[in-house]
Amino acid sequence: MMSTLPDFLPFPKHFRFGTAVAAFQVEGNSGKRNSDWDVFLRENPKIVKPNEVGPEWWKKGMAEGDIDLMAGLGMQTQRLSFEWARIEPEEGHINHDALRRYREIIDHLHKKKIMPVVTLNHYTLPEWIARRGSWENPTIIHSFAKYVSVVAHEFGDIRIWLTLNEPGVLVEIGYLSPFFPPQREGLISAIKAHENLLKAHKKAYWVLKSFIPHSKVSIAFDFRWYRPQDPNDPFETWYANIVDYFDSLNYVDGVKDTLDFIGCNFYAGYLLNFNLSKLKFRLHGSQTVPPRTILFGEVRKPHAYVSDLGAPIVPGFFLELLQFLSKRYHKPIIITENGIADRRDLHRGFYLLVHLVAIWQAIQLGVDIRQYLVWSTVDNLEWLEGYRQEFGIVHVDAVTGKRTVRKSAHLYSDIISQRGIHIKKLLDEYVEGEQKERAATLIHNLLTHHGKEAVKNVLPPQS
Ligand code: BGC
């Protein structure tokens with residue numbers, strides 16, 4: 001298979017590469033912060049041990065050190081988020097020290113010629129908002145707009161903004177099911193949160209436009225892409241489409257007039273079948289609890305590649321999703337997250353390589369993709385998993401904070417410096433053993449098929 005692969009896949013001149021983090025996940029415990037997640041972690045002390053602090057970006061010099069590392073690897077973009085609970089610890093009280101700390105980080109990015117992409121809300125909420133009912137209470141729409149106006153007033157030099165991160169995931173695991181704060185468990189809660197999140201986005205969009213007219217604004221949507229186990233079964237296909245619609249597309253549809261681009265978080269795709277005996281209203285639990293109605297089908301077979309969190313590696317799904325989004329919305333796309341929990345860095349190089357090939361192929365097929373951001377810059381606090389799941393291209397010892405650049409970071413860095421993918425060279429240098437032939441097959445299939453075909457061909461044949 002190797003011999004049939006092209007040598008080099010060049011990326012367009014203006015395409016940008018980078019990595020992503022979120023405030024609560026990297027900032028550590030220092031400084032004043034009273035968010036719903038601070039309360040939640042205090043109530044659930046097993047998630048983070050007292051001596052675990054992670055990358056500690058809130059401490060002067062720590063974020064800067066990692067930004068220097070990223071600059072050294074050639075990164076051109078850094079996605080990060082601002083913590084509402086730090087900026088507005090009590091209603092109407094603006095913490096200027098917090099704004100100054102974010103200013104230092106943004107200035108450091110500019111100094112290193114790295115473009116900031118800022119998320120205004122990455123799951124966490126100030127405790128004073130949580131006391132009022134979090135996203136269930138419509139007053140949050142106005143409060144959020146006020147917070148956004150404070151930030152937009154201070155940071156007119158930031159061009160690309162994401163108002164929210166994964167509203168679909170938040171509604172599902174914080175309101176429909178009780179895994180994330182505010183731990184509600186009801187359809188009415190979910191419907192209210194869904195509605196208020198989308199309204200808050202729309203209002204924030206216009207606030208950003210009024211302060212920063214040239215800004216580009218979107219949401220980082222989660223796309224767990226579901227396809228039918230049997231693509232020839234019209235009922236199963238219909239069912240997969242419905243699940244995709246309720247899981248992600250309805251959020252995009254709901255705000256499509258206030259999106260300058262589509263922010264796309266993609267980790268994995270799943271085969272789905274319709275099995276009434278397994279049907280539960282709840283599709284997903286926390287990431288460690290397998291989804292209930294979903295059959296992983298062939299991708300779960302013993303030799304299939306899966307991440308530490310059990311997510312199958314299916315770049316063909318990614319390619320199909322990108323084509324689909326482009327056709328449906330006619331907007332530019334930024335890949336706001338893509339990555340793998342892989343503590344030992346056994347699959348990450350493989351994962352990044354095949355997903356970047358999928359992006360390259362999508363671009364050839366006419367999809368307008370502007371940036372690719374790997375989740376994550378550094379190992380960080382993986383929500384319910386604490387520091388036990390490691391997504392970073394740089395390893396961070398959660399207790400000592402010691403950094404170690406992973407091998408996969410060098411693969412990514414090679415692609416950035418070459419502005420393209422030297423397939424054979426990268427497979428030789430970074431992908432080992434039987435992974436190499438497997439990667440070559442995936443790449444071959446991505447380059448020779450597209451759309452539904454690509455999906456069929458990246459999955460092992462049905463037995
Ligand atoms: C979230 C991140 C999270 C990552 C890995 C995304 O859904 O935006 O906050 O760490 O997935 O699970």
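In what follows, residues are counted from 1 in the order of the sequence shown. When a ligand or atom number is given, it counts from 1 through the structure's own listing order.
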Item checked: Option whose closest heavy atom lies nearest to atom 4 (C) of ligand 1, chosen from W383, F24, Y267, F391 -> Y267
Notebook entry, point to check: In ligand 1, which numbered atoms sit nearer than 4.0 Å to a non-hydrogen atom of H122?
Noted result: 1 (C), 2 (C), 8 (O), 9 (O)
Margin query: Under 4.0 Å between a side-chain nitrogen and a carboxylate oxygen: does that hold for D244 and R227?
Written below: yes
Check: Given that the side chain starts at C-beta and the backbone is N, CA, C, O, which of these parts of Q389 lies under 4.0 Å from ligand 1, counting heavy atoms, or is it both or neither?
Finding: neither
Check: With a 4.0 Å cut-off, would you call K199 and E195 a salt bridge?
Finding: yes
Check: Is the shortest side-chain N to carboxylate O distance from K112 to E64 below 4.0 Å?
Finding: no
Check: ligand 1 and Q25, any nitrogen or oxygen pair closer than 3.5 angstrom?
Finding: yes
Next item on the list: Please determine if K407 and E432 form a salt bridge, counting it only when a charged side-chain N lies under 4.0 Å from a carboxylate O.
Entry: yes
Notebook entry, point to check: Numbering the atoms of ligand 1 from 1, which are under 4.0 Å from a heavy atom of N165?
Noted result: 1 (C), 8 (O)
Notebook entry, point to check: Are R79 and W375 in a cation-pi contact, defined as NZ or CZ under 6.0 Å from the six-membered ring centre and within 45° of the axis?
Noted result: no
